[in-house]
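All ligand and atom numbering here is 1-based and tracks the order in the structure.
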Amino acid sequence: MLVNATEMLQKARDGHYAVAQININNLEWTKAVLETAQELQSPVILGVSEGAGKYMTGFKTVTAMVKAMDESLGITVPVALHLDHGTYEGCKKCVEAGFTSIMFDGSHFPIDENIEKTTELVNLAHKNGMSIEAEVGSIGGEEDGVVGMGEVADADECAKIASLGIDFLAAGIGNIHGVYPANWKGLAFDALEKIHKATGSIPLVLHGGTGLPEEMIKKAINLGVSKINVNTECQLTFAAATRKYIEEGKDKAGKGFDPRKLLAPGVAAIKQTCKEKFELFGSVGKA
Ligand code: 13P
């Protein structure tokens, strides 16, 4: 069931768990995430970066695929189709294409410009029944060409952006896209606490969900995080399972080269990763 992400995240906030945003790349990814969410009766957010949207030939293709697949698989759990780290133009394209949710990442603009553009996009999203996420501070590392220095968000700026009518807020708290480096200092929980106090009841978003240990996840949820984004981890588990299949020579046996067979272990690996995240974030059975 395709919906916007507002209600599922308010329920997560009130129920003290988080909904996973799993980024998708193609048909296999989408199917794996939807089937796992349905099996575990978990709400889920399908994240699409601008790069992934382009790879799949455009946001209209993505919407058509997700809508049709949601219907043909008989998915009854709430699913949001969400633009990840959208530009101003990308947000507008996703509104036109029929996404149910957008993220406007204006974090690299001066705060006044971030406020101005976010305000405009809040109106546009809400007029179209969509939810909208905004960002303050930045997420370290790189995702699909979006590079951040990892600035920890200022609580007053977060309060300003939260007051614009956005539905959920991503705040940089030392989190990083991709694999966390060995010398990583950990999440800035003192900053998260201040942001949570300053922004009231707005659901907070934790980007960079790959590899975060259980105690950090639990602590973040306690401090207002209701959505956790995972991208790299599915890519890593998919790649490892595919590599194993080929290194074992299975693509050479019988019709093992058939793409439906060749990609099957990778798909199973994505499903396993999704299952682990839904369990860790506490969203199983919350559909
Ligand atoms: P990871 O790739 O680190 O899981 O981060 C995903 C993310 O935050 C998407 O915006």
Side-chain angles (χ1 to χ4, degrees), residues 5 9 18-26 29-30 32-33 36 44-56 62 80-87 90-91 94 99 101-108 131-153 166-182 184-188 192 203-214 216-217 220-221 225-240 269-270 272-278 280-281 283:
L9 292 182
V19 176
Q21 171 185 312
I22 309 282
N23 281 44
I24 57 169
N25 288 288
N26 57 18
W29 240 263
T30 312
V33 180
T36 314
V44 74
I45 297 167
L46 303 178
V48 180
S49 67
E50 295 210 355
K54 201 168 161 192
Y55 174 78
M56 288 184 269
V62 178
L81 177 58
H82 180 72
L83 173 65
D84 189 28
H85 292 284
T87 58
C91 285
C94 285
F99 272 45
S101 188
I102 49 174
M103 172 187 188
F104 171 57
D105 181 355
S107 61
H108 46 284
S131 46
I132 177 164
E133 171 180 348
E135 178 167 324
V136 180
S138 78
I139 318 302
E142 188 259 339
E143 182 185 58
D144 254 348
V146 178
V147 179
M149 299 314 289
E151 300 93 347
V152 172
I166 59 163
D167 300 289
F168 31 104
L169 175 72
I173 52 163
N175 40 341
I176 297 174
H177 285 136
V179 176
Y180 284 92
W184 179 54
K185 293 190 185 69
L187 295 176
L192 179 59
L204 299 174
V205 181
L206 182 58
H207 283 247
T210 292
L212 286 179
E214 182 169 355
M216 282 192 196
I217 297 283
I221 291 173
V225 166
S226 311
K227 171 176 180 277
I228 304 176
N229 294 4
V230 177
N231 185 2
T232 306
E233 202 160 325
C234 288
Q235 299 184 14
L236 290 170
T237 53
F238 175 87
I270 296 171
Q272 180 59 28
T273 301
C274 289
K275 182 172 184 277
E276 285 166 20
K277 297 302 162 192
F278 296 162
L280 181 60
F281 302 166
S283 68

Enquirer: Select one of side chain, backbone, both or neither to describe which atoms of N229 lie under 4.0 Å from any atom of ligand 1, heavy atoms only.
Expert: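 Contact part for N229 vs ligand 1: both backbone and side chain.
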Enquirer: Hey, what do you get for OG1 (T273) to CD (Q235), rounding to the nearest 0.5 Å?
Expert: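 So the gap between those two atoms works out to 11.0 Å.
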Enquirer: Taking 4.0 angstrom as the limit and counting only heavy atoms of N231, give me the atoms of ligand 1 inside it, by number and element.
Expert: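 Those of ligand 1 that fall under 4.0 Å from N231 are 1 (P), 2 (O), 4 (O), 6 (C).
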Enquirer: Measuring from the heavy atoms of G47, does anything fall under 4.0 Å of ligand 1?
Expert: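 G47 does not count as a contact of ligand 1 under the 4.0 Å cut-off.
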Enquirer: Any side-chain heavy atom of I176 sitting closer than 4.5 Å to one from I139?
Expert: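 Result no, sub-4.5 Å side-chain heavy-atom pair not found.
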Enquirer: I need the N25 CG to F238 CZ distance, nearest 0.5 Å.
Expert: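 Those atoms lie 9.0 Å apart.
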Enquirer: Which part of E233 is near ligand 1, with near meaning a heavy atom under 4.0 Å away: side chain, backbone, both or neither?
Expert: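 For E233, no heavy atom sits under 4.0 Å from ligand 1.
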Enquirer: I need the atoms of ligand 1 closer than 4.0 Å to a non-hydrogen atom of E143, numbered in the order shown.
Expert: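 Taking each heavy atom of E143 in turn, ligand 1 has 6 (C), 7 (C), 9 (C), 10 (O) under 4.0 Å.
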Enquirer: When you measure from atom 8 (O) of ligand 1 to every protein heavy atom, which one gives the shortest distance, and what is it?
Expert: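 Answer for atom 8 (O) of ligand 1: G208 N, 2.8 Å.
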Enquirer: Do me a favour and list the nearest non-hydrogen protein atom to atom 3 (O) of ligand 1 with residue, atom name and distance?
Expert: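 Looking only at protein heavy atoms, the one closest to atom 3 (O) of ligand 1 is G178 N, 2.8 Å.
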Enquirer: Compare all side-chain heavy atoms of V205 with those of L169 and state whether any distance is below 4.5 angstrom.
Expert: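 They are not in contact (no side-chain heavy atoms under 4.5 Å apart), so the answer is no.
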Enquirer: What orientation do H177 and H207 show, parallel under 30°, tilted 30 to 60°, or perpendicular over 60°?
Expert: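 Plane angle over 60°, so perpendicular.
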Enquirer: What is the nearest protein non-hydrogen atom to atom 2 (O) of ligand 1, stated with its residue, atom name and distance?
Expert: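 Ranked first by proximity to atom 2 (O) of ligand 1 is T232 OG1, 2.5 Å.
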Enquirer: Can you list the ligand 1 atoms lying under 4.0 Å from a non-hydrogen atom of D84?
Expert: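 Those of ligand 1 that fall under 4.0 Å from D84 are 9 (C), 10 (O).
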Enquirer: Which ligand 1 atoms does H85 reach within 4.0 Å, using its non-hydrogen atoms?
Expert: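 The atoms of ligand 1 under 4.0 Å from a heavy atom of H85 are 10 (O).
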Enquirer: Considering the heavy atoms of G209, write down every atom of ligand 1 situated less than 4.0 Å from one of them.
Expert: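 So the atoms of ligand 1 that pass are 4 (O), 5 (O).
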Enquirer: Does some non-hydrogen atom of I176 fall short of 4.0 Å from ligand 1?
Expert: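 Contact present.
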Enquirer: Among protein heavy atoms, which sits nearest to atom 4 (O) of ligand 1, and what does the distance come to when rounded to 0.1 Å?
Expert: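 Closest protein heavy atom to atom 4 (O) of ligand 1: T210 OG1, 2.5 Å.
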Enquirer: Kindly determine whether S49 and D144 satisfy side chain to side chain donor-acceptor pair (under 3.5 Å), including the steps that lead there.
Expert: CA-CA 7 Å; S49 67; D144 254 348; 2.3 Å; yes
Enquirer: Just checking, any donor-acceptor pair under 3.5 angstrom between side chains of E151 and S138?
Expert: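 Short answer, yes.
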Enquirer: Determine whether the aromatic ring centres of H108 and H85 lie less than 6.0 Å apart.
Expert: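 For H108 and H85, the ring centres are not under 6.0 Å apart.
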Enquirer: I'd like to check whether Q21 has a polar contact with ligand 1, where a contact means an N/O of the residue lying under 3.5 Å from an N/O of the ligand.
Expert: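 Q21 vs ligand 1: no N/O contact under 3.5 Å.
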Enquirer: Taking the side chain as every heavy atom from C-beta outward, state whether T210 and Y180 have any pair of such atoms under 4.5 Å apart.
Expert: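 Heavy-atom side-chain distance check fails, nothing below 4.5 Å.
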Enquirer: Do any nitrogen or oxygen atoms of N23 come within less than 3.5 Å of a nitrogen or oxygen of ligand 1?
Expert: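 No; the residue has no nitrogen or oxygen that sits under 3.5 Å from a nitrogen or oxygen of the ligand.
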Enquirer: Would one find an N or O of V230, backbone or side chain, under 3.5 Å from an N or O of ligand 1?
Expert: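 In this structure, V230 places no N or O atom under 3.5 Å from an N or O of ligand 1.
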Enquirer: Determine whether Q21 and N23 satisfy the following criterion, side chain to side chain donor-acceptor pair (under 3.5 Å), listing intermediate values before the conclusion.
Expert: CA-CA 6 Å; Q21 171 185 312; N23 281 44; 2.8 Å; yes
Enquirer: Report yes or no: does a heavy atom of H177 sit under 4.0 Å from some atom of ligand 1?
Expert: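 True for this residue.
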Enquirer: Looking at side-chain heavy atoms only, is the closest gap between F168 and S226 below 4.5 Å?
Expert: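 A side-chain contact under 4.5 Å is absent here.
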